[in-house]
Novice: 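Before I ask anything, here is the structure I am working with.
Scope of the values below: all heavy atoms of this structure, side chains included, with no hydrogens, waters or symmetry mates. Owing to the predicted nature of the structure, the values given are computational and were not obtained by experimental measurement. Numbered from 1 within each chain, the chains take letters A, B, ... in sequence-line order.
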Protein chains: 2
Amino acid sequence: MPPGIRDTSQTIQERIAATHVNSLDVDLDSMAAISNIFRVAVMFRNLSERRFLLKHNLTFSGFTVLWVLWVFGKMESYQLAEECGISKGTLTGIVSTLEKHGLIRRIRHPQDGRRKIVMATDRGETLMHRLFPKINRLEQEFVRGLEQTELSSLARMLRIILHSQDTP
Amino acid sequence: MPPGIRDTSQTIQERIAATHVNSLDVDLDSMAAISNIFRVAVMFRNLSERRFLLKHNLTFSGFTVLWVLWVFGKMESYQLAEECGISKGTLTGIVSTLEKHGLIRRIRHPQDGRRKIVMATDRGETLMHRLFPKINRLEQEFVRGLEQTELSSLARMLRIILHSQDTP
DNA sequence: ATAATATTGTTTGAGTCCTAACGAAATCAA
DNA sequence: TTGATTTCGTTAGGACTCAAACAATATTAT
């Protein structure tokens, strides 16, 4: 069985309530929500890699970078890293891997000698054109148990969570 | 600014709708939901590491393993890996790291010579007793923008998503 | 009892991930 | 016009991550 699939949050909640945290100021609902967010993310990442990505020498992170490039076209490195939610050091490694496989290109900035511009090659574009619908179909498969109103409600709540740290 | 913080899903949706995927069978709502789940996970992982974990030589993954051990007590490796949502190979590495820092112990199984049992040391227990409330407070901070009914609705929807792959 | 099969934890290799330090290039200061 | 500061991308080091191969042990079949 793939890792991270089972929903054991109920068990954990009972377990933890019965053992350590009765007295502490712990909120089990918040814990369950965040921990299930991680489970979904892990499950989606692993499943998409096994089904579609790894056979094309793509990791999920590599796919994300290529996807952002496919959507935005040319892009500067620091923007690309921010958009993908990774550090610039990590991006260097991923970009090198993708370049090695001929899926993207590095170009130097015409004015600024420090910056570099990254863009997909034709091979990268073609591959993304084939893979993106499959990934999206998996995304649809994941949320197929939700009504349309629930789905937009979920999206809205996730956006609220994302903004919870705007003014720490 | 930490990576993966900004919620750019709206921008991306417009962008993608305007460029590649008009004709394809693509559902932008599903895409936005899944992609924001990843953003929340990345944000939480990085923030908790920077604020609480790294100064104690703990990664988020190491914390998770130690936490499961703290909740369940002794545990066999293969169960532990499944509960943490990681592969057994990955678990070996994390357990070795935690053992190196004196936070957990490996014990061999009395009957079965293949299996091993993992448990937290006193140092591990003490550290977890101090850290867990802090992590939970961060979890509460993340969902503070949601009503109580919304929070349980979120947890319910995530559970539905987790079960979406039960019968593929 | 012996052989074939299955399971458990480890190792291996490629890749991702972070922070911190680094060199190169641009900008700012005086 | 030097010098200090800032801002890029890269590198270094340590850790996590997977799949696949592996050795040791246990189970099943004949």
Side-chain angles (χ1 to χ4, degrees), chain A residues 1-4 38 41-51 53-66 75-82 84-101 103 106-118, chain B residues 1-4 38 41-51 53-66 75-82 84-101 103 106-118:
Chain A
M1 193 209 289
F38 274 93
V42 167
M43 185 167 80
F44 188 87
R45 173 183 286 259
N46 290 344
L47 213 48
S48 62
E49 283 186 348
R50 274 197 294 265
R51 277 202 201 161
L53 268 25
L54 291 184
K55 68 183 70 158
H56 294 288
N57 285 316
L58 270 183
T59 61
F60 187 81
S61 306
F63 170 82
T64 302
V65 168
L66 194 54
M75 211 167 180
E76 306 210 11
S77 291
Y78 70 97
Q79 282 181 298
L80 187 54
E82 191 188 346
C84 295
I86 55 180
S87 70
K88 54 184 188 168
T90 301
L91 182 69
T92 298
I94 298 176
V95 164
S96 300
T97 302
L98 290 173
E99 198 176 36
K100 189 176 65 179
H101 291 112
L103 298 172
R106 273 185 249 236
I107 310 170
R108 55 182 164 67
H109 195 283
Q111 277 82 42
D112 195 328
R114 297 166 302 180
R115 305 192 221 173
K116 290 198 180 145
I117 296 169
V118 188
Chain B
M1 194 208 289
F38 273 93
V42 167
M43 187 168 79
F44 188 88
R45 173 183 286 260
N46 290 344
L47 214 46
S48 61
E49 283 187 346
R50 273 196 295 266
R51 277 201 202 164
L53 268 24
L54 291 184
K55 69 183 67 157
H56 295 287
N57 285 316
L58 271 182
T59 62
F60 187 80
S61 306
F63 170 82
T64 302
V65 169
L66 195 54
M75 212 167 180
E76 305 209 10
S77 290
Y78 70 99
Q79 283 181 297
L80 187 53
E82 192 188 346
C84 295
I86 54 180
S87 70
K88 54 185 187 166
T90 301
L91 182 70
T92 297
I94 298 177
V95 165
S96 300
T97 303
L98 290 173
E99 200 175 35
K100 189 176 66 180
H101 291 110
L103 299 171
R106 271 185 254 235
I107 310 170
R108 56 181 162 67
H109 193 283
Q111 276 82 40
D112 195 328
R114 296 167 301 180
R115 306 192 219 171
K116 290 197 180 146
I117 295 168
V118 189

Novice: Quick test: give all pairs of protein nitrogen or oxygen and nucleotides 3-5 of chain C nitrogen or oxygen below 3.5 Å, distance rounded to 0.1 Å.
Specialist:
none

Novice: Heavy-atom distance under 4.5 Å between the side chains of A/Val118 and A/Ile107, does that happen here?
Specialist: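 No - every pair of side-chain heavy atoms lies 4.5 Å or more apart.
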Novice: Compare the minimum distances between each of C/dT19, C/dT10, D/dC8 and the side chain of B/Lys116, then state the nucleotide with the smallest one.
Specialist: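 Selected nucleotide (nearest to the side chain): C/dT10.
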Novice: How many whole angstroms separate atom CZ of A/Arg106 from atom C1' of D/dG9?
Specialist: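 Checked: the CZ to C1' distance equals 9 Å.
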Novice: Of the candidate nucleotides C/dT19, C/dC18, D/dG9, which contains the atom at the shortest distance from the side chain of B/Arg50?
Specialist: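 Nearest to the side-chain atoms of B/Arg50, counting from C-beta on, is C/dT19.
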Novice: Separation of A/Phe63 atom CZ from D/dC18 atom P, in whole Å?
Specialist: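 In whole Å, D/dC18 P and A/Phe63 CZ are 19 Å from each other.
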Novice: Using a cut-off of 4.0 Å on non-hydrogen atoms, how would the nucleic acid contact of A/Gln79 be classed: base, sugar-phosphate, or nothing?
Specialist: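 Here A/Gln79 touches no strand at all.
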Novice: Rounding to an integer number of Å, can you tell me how far B/Tyr78 OH sits from C/dA6 P?
Specialist: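 The answer, rounded to whole Å, is 18 Å.
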Novice: Between A/Asp112 and A/Thr90, name the one whose nearest nucleotide on DNA chain C is closer to the 5' end.
Specialist: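 Result: A/Thr90.
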Novice: Send over the distance from B/Phe60 CZ to D/dG14 P, rounded to a whole Å.
Specialist: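 Taking atom P of D/dG14 as the reference, CZ of B/Phe60 is at 24 Å.
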Novice: Just to confirm, is there a sub-4.0 Å distance from OP1 or OP2 of D/dC16 to any side-chain nitrogen or oxygen of B/Thr59?
Specialist: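 True: B/Thr59 side-chain N/O within range (under 4.0 Å) of D/dC16 OP1/OP2.
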Novice: Just the rounded figure in Å: distance from P of C/dT10 to CD1 of B/Ile86.
Specialist: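 So the CD1-P distance, B/Ile86 to C/dT10, works out to 12 Å.
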Novice: Filter on salt bridge (Lys or Arg N to Asp or Glu O under 4.0 Å), then keep only pairs touching residues 87-101 of chain B, sequence neighbours left out; what's left?
Specialist: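 Residue pairs passing salt bridge (Lys or Arg N to Asp or Glu O under 4.0 Å), neighbours aside: B/Glu99-B/Arg106.
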Novice: Out of D/dG9, C/dC18, D/dT17, which nucleotide sits closest to the side chain of A/Ser77?
Specialist: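 The answer is D/dG9, which lies nearest to the side chain.
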Novice: Please report the distance, rounded to the nearest Å, between CD in B/Glu82 and C1' in C/dT8.
Specialist: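 Whole-Å distance recorded here is 14 Å.
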Novice: Need to verify one output field. Residue with the more 5' nearest nucleotide on DNA chain D, B/Gly62 or A/Gly89?
Specialist: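 By nearest-heavy-atom nucleotide position, the 5'-most residue is A/Gly89.
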Novice: What pairs with B/His109 under side-chain contact (heavy atoms from CB on, under 4.5 Å), at least two apart in sequence or on another chain?
Specialist: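 Only B/Glu76, B/Gln111, B/Asp112, B/Arg115, B/Ile117 meet the side-chain contact (heavy atoms from CB on, under 4.5 Å) criterion with B/His109.
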Novice: So, B/Phe38 versus A/Phe60, ring centres under 6.0 angstrom or not?
Specialist: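 Yes.
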Novice: Below 4.0 angstrom from OP1 or OP2 of D/dC18, is there any side-chain N or O of B/Ser87?
Specialist: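 Indeed, a polar side-chain atom of B/Ser87 lies that close.
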Novice: For residues B/Val42 and A/Ile86, determine if any side-chain heavy atom of one lies less than 4.5 Å from a side-chain heavy atom of the other.
Specialist: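 The answer is no, as the side chains (C-beta and beyond) never meet within the 4.5 Å cut-off.
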Novice: Taking side-chain contact (heavy atoms from CB on, under 4.5 Å) as the definition, give me every residue that meets it alongside B/Thr97, ordered by chain and number, with sequence neighbours left out.
Specialist: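 Residues passing side-chain contact (heavy atoms from CB on, under 4.5 Å) with B/Thr97: B/His101.
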Novice: Quick one: side-chain hydrogen bond (donor to acceptor under 3.5 Å, both in side chains) partners of B/Thr90, sequence neighbours excluded?
Specialist: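 If we apply the side-chain hydrogen bond (donor to acceptor under 3.5 Å, both in side chains) test to B/Thr90, skipping adjacent residues, the hits are B/Ser87.
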Novice: So, do A/Thr59 and A/Thr64 sit near enough that their side-chain heavy atoms are less than 4.5 Å apart?
Specialist: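 With C-beta onward as the side chain, the pair stays apart.
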Novice: Roughly how many Å is it from NZ in A/Lys88 to P in C/dC22, rounded to a whole number?
Specialist: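 Checked: the NZ to P distance equals 14 Å.
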Novice: So, do A/Phe63 and A/Glu49 sit near enough that their side-chain heavy atoms are less than 4.5 Å apart?
Specialist: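 No, too far: nothing below the 4.5 Å cut-off.
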Novice: Tabulate atom names and distances for all N/O pairs under 3.5 angstrom spanning the protein and nucleotides 5-7 of chain D.
Specialist:
residue	atom	partner	partner atom	Å
D/dT7	O4'	A/Arg114	NH1	3.4
D/dT7	O2	A/Arg114	NH1	3.0

Novice: When the nearest nucleotide of DNA chain C is assigned to A/Arg45 and to B/Glu76 on a heavy-atom basis, which residue is associated with the more 5' position?
Specialist: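 The residue mapped nearer the 5' terminus is B/Glu76.
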Novice: Separation of B/Lys55 atom NZ from C/dA20 atom P, in whole Å?
Specialist: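 Rounding to the nearest Å, NZ of B/Lys55 and P of C/dA20 are 13 Å apart.
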Novice: With respect to the phosphate group of D/dT17, does any side-chain polar atom (N or O) of B/Ser61 fall under 4.0 Å of OP1 or OP2?
Specialist: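 Yes, such a contact exists.
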Novice: Report the residue from A/Thr92, A/Val95, A/Leu91 that forms a side-chain contact (heavy atoms from CB on, under 4.5 Å) with A/Ser77.
Specialist: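 Exactly one pass, corresponding to A/Leu91.
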